[in-house]
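Report on the structure given below.
Model, not experiment: these values are computed from the prediction.
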Amino acid sequence: MSKIAGLEVIPLASPVQTADDLDGTTETVLVRVLDEDGRFGIGETDAPAAVVKGFLEMPTAHLWSRNMSEVLIGSDPIELAAIWQRMYEGVFWPGRRGLGVHALSAVDVALHDLAGKQHGVPAYKLMGGARRERLRPYCTIYPGLPRGRTIATLMGEICGQFEAALEAGYRAVKMEVLFFDLVTDMELVELIRQGRRVLGDGIQMALDFGYRWTNWHDARRVLDRVADSDIFFAEATLQHDDLDGHARLAEGSPIRICGAEAAATRWEIREWLERGKVGVVQPNITRGGGLTEIRRIAELCELHGAEVVPHGWKTGITAAAGQHFQAACPAAPLFEVVSPHVYDSLLRRELVSPEPDVVDGTMALPEAPGLGIELNEELVERLRTDRPAAR
Ligand code: MG
């Protein structure tokens, strides 16, 4: 056994930033957990890099507010659930369901990578082993926020991305319809039908409404009308925290209602299932508690006849975590991938490799130890923002 010897937290930022849009792939915070033999595992989280770094490196104040290196060093990385609990209790006071859990998620993913490498097994085997033979990712289709463009331009962009996704092998996509006041609800119905016509039958299609409505009646009016377009789930219909609204909408909805992309831990997901009555929850693996917690969430969903389709809009580390999660969890029909074949993002494309092939909608189970990806150290040195002199 080689114990944990250190923790590094490295903020990374691409030279190209899109602060006026919703692209989380232009920056990240890389977490590296090292063992006594010089091996390391990697993780990331989708939360502000400088704040995560500050959080993970804060000095210990008391037993419920501890320095993360102190929590980790000396532990055996394979004791994943035990370490998770120590981390959770160690940041319980400042952390809870927000930033502390996001930061802990990055470490948990890195521990799966490290323990897998130490034992020569892919991370999903540490999660109980494969529950399926092939993986099924979905590709998100997002032309960006309107930012002055016409709906015709946005739809043209969407159709181009559909084509790129199908060309890359995907057979499941999510059409982001974040058109806001550019279209009326009834115009939106027609655009969704148009999207289905372009995709053709046989391609699994989901929708993300970007929190369009504050009233479940309005959302229902649109969902009823697009049900004949064979929609797998409808995401972000109502305001994120409106659980009662989600429950009203879900009742008798012709389409699975999906939500909880900003939720963290099984405790918060339980509220979404029991009070929100959604059919699909989508916590991000690298925000909601890591691979340890997402597996518990998936088991909780099985008890509620629901499913988990994790949100993931970051680098190839998050995409790789998605693979291992889906491999090990039956209640996971899909996982989100930001395809480097569809989006031109330096960090997404080059931070880690290899990029798995998608063949007729599916991926092979990963075989390499840990997360099965190699870190591009040269890119890390080039993009890290904590050593300004080196840039
Ligand atoms: Mg979303």
Side-chain angles (χ1 to χ4, degrees), residues 4 6-13 24-35 39-58 66-73 75 77 80-81 83-92 94-117 123 126-127 261-265 283-295 297 310-325 338 347-348 351-352 370-373 375 380 383-386:
I4 297 171
L7 170 70
E8 271 183 79
V9 189
I10 305 169
L12 300 174
T25 72
T26 62
E27 58 84 51
T28 190
V29 53
L30 173 71
V31 160
R32 206 167 4 193
V33 179
L34 300 99
D35 73 9
R39 270 180 300 246
F40 64 85
I42 56 174
E44 68 175 342
T45 182
D46 190 353
V51 185
V52 171
K53 184 172 171 65
F55 189 92
L56 287 172
E57 294 178 352
M58 69 184 175
R66 293 181 70 193
N67 173 268
M68 191 57 83
S69 294
E70 275 180 32
V71 174
L72 294 170
I73 289 173
S75 296
L80 294 158
I83 297 173
W84 193 97
Q85 192 61 27
R86 283 202 290 278
M87 291 196 289
Y88 183 70
E89 287 169 11
V91 298
F92 162 73
R96 294 281 291 145
R97 297 177 178 189
L99 185 77
V101 174
H102 305 337
L104 169 166
S105 304
V107 178
D108 179 81
V109 170
L111 288 171
H112 279 78
D113 190 30
L114 177 58
K117 286 174 177 166
L126 304 173
M127 301 172 71
E261 68 182 346
T265 77
N284 190 313
I285 297 168
T286 63
R287 286 169 54 90
L291 286 165
T292 298
E293 189 72 352
I294 194 84
R295 184 174 155 221
I297 288 169
H311 171 272
W313 195 278
K314 217 64 191 169
T315 77
I317 300 173
T318 293
Q323 292 177 51
H324 292 274
F325 151 75
V338 181
L347 274 169
R348 173 62 187 94
L351 183 62
V352 295
L371 292 178
I373 46 178
L375 186 63
V380 171
L383 300 187
R384 65 190 301 169
T385 58
D386 56 342

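- The CG atom of Leu371 lies 5.0 Å from the NE2 atom of His324; values are rounded to the nearest 0.5 Å.
- A distance of 9.5 Å separates CG of Leu56 from CE of Met87, quoted to the nearest 0.5 Å.
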- Message: Please determine whether side chain to side chain contact (heavy atoms under 4.5 Å, CB included) holds for the pair Ser105 and Val109, giving the CA-CA distance in whole Å, both sets of side-chain angles, and the decisive distance to 0.1 Å.
- Response: CA-CA 6 Å; Ser105 304; Val109 170; 5.6 Å; no
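- Between atom CZ of residue Phe40 and atom CG of residue Leu7 there is a gap of 13.0 Å, rounded to the nearest 0.5 Å.
- Here Tyr88 pairs with Trp84 under the ring pair (Phe, Tyr, Trp, His ring centres under 6.0 Å) rule; sequence neighbours left out.
- Listed here is the closest heavy atom pair of Val91 and Gly100: CG2-O, 4.3 Å.
- When the side chain to side chain contact (heavy atoms under 4.5 Å, CB included) test is applied to Val380, the partners found at least two apart in sequence or on another chain are Ile10, Leu12, Leu30, Leu351, Leu375.
- Applying the salt bridge (charged side-chain N to carboxylate O under 4.0 Å, His left out) criterion to Glu89, with sequence neighbours excluded, gives no partner residue.
- Separation of atoms CG (Leu126) and CZ (Arg295) is listed at 10.0 Å; rounding is to 0.5 Å.
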- Evaluate the side chain to side chain contact (heavy atoms under 4.5 Å, CB included) criterion for residues Met127 and Leu291: first the C-alpha distance (whole Å), next the side-chain angles of each, then the deciding distance (0.1 Å), finally the verdict. CA-CA 8 Å; Met127 301 172 71; Leu291 286 165; 3.9 Å; yes
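- Judged by distance alone, the side chain of Thr315 and the main-chain N or O of Ile317 form a donor-acceptor pair under 3.5 Å.
- Taking CD1 of Ile4 as the reference point, atom CG of Leu72 lies at 5.0 Å (rounded to 0.5 Å).
- For the residue pair Pro283 and Ile294, the shortest heavy atom distance occurs at CG-CD1, 3.7 Å.
- By the salt bridge (charged side-chain N to carboxylate O under 4.0 Å, His left out) test, Arg86 pairs with no residue at all, sequence neighbours left out.
- The side-chain heavy atoms of Val33 and Pro77, taken from C-beta on, include no pair separated by under 4.5 Å.
- Here the shortest heavy-atom pairing between Val338 and Gly312 reads CG2-O, 3.5 Å.
- In this structure, the side chain to side chain contact (heavy atoms under 4.5 Å, CB included) partners of Ala47, at least two apart in sequence or on a different chain, are Thr45, Val52, Leu99, His102.
- Residues that satisfy the salt bridge (charged side-chain N to carboxylate O under 4.0 Å, His left out) test with Arg32, not counting sequence neighbours, are Glu8, Glu377.
- For residues 41-50, the pairs satisfying salt bridge (Lys or Arg N to Asp or Glu O under 4.0 Å) are Asp46-Lys314, with sequence neighbours left out.
- In this view, Asn67 and Thr60, Ser69, Glu70 satisfy the side chain to side chain contact (heavy atoms under 4.5 Å, CB included) rule, not counting sequence neighbours.
- Here Arg66 pairs with nothing under the side-chain hydrogen bond (donor to acceptor under 3.5 Å, both in side chains) rule; sequence neighbours left out.
- Among residues two or more places apart in sequence or in another chain, the side chain to side chain contact (heavy atoms under 4.5 Å, CB included) test is passed with Pro94 by Phe55, Met58, Ser65.
- Residue pairs meeting the salt bridge (Lys or Arg N to Asp or Glu O under 4.0 Å) criterion with at least one partner in residues 102-116, sequence neighbours excluded, are Asp113-Lys117.
- Between the side chain of His112 and the backbone N or O of Gly370 there is no donor-acceptor pair closer than 3.5 Å.
- Using modelled atom types, no side-chain atom of Asn284 and backbone atom of Gly288 make a donor-acceptor pair closer than 3.5 Å.
- When all heavy atoms of Ile83 and Ser75 are compared, the pair lying nearest together is CD1-CB, 3.9 Å.
- Between the OG1 atom of Thr265 and the CZ atom of Arg96 there is a distance of 7.5 Å, given to the nearest 0.5 Å.
- Counting only heavy atoms from C-beta outward, the side chains of Ile42 and Leu114 never approach each other to under 4.5 Å.
- Every residue two or more places apart in sequence or in another chain that forms a salt bridge (charged side-chain N to carboxylate O under 4.0 Å, His left out) with Arg348 is listed here: Glu355.
- Minimum interatomic distance between Gly316 and Ile373 (heavy atoms only, all atoms of both residues): O-CD1, 4.1 Å.
- Shortest non-hydrogen contact noted between Ile73 and Gly6 is CG1-N, 4.1 Å.
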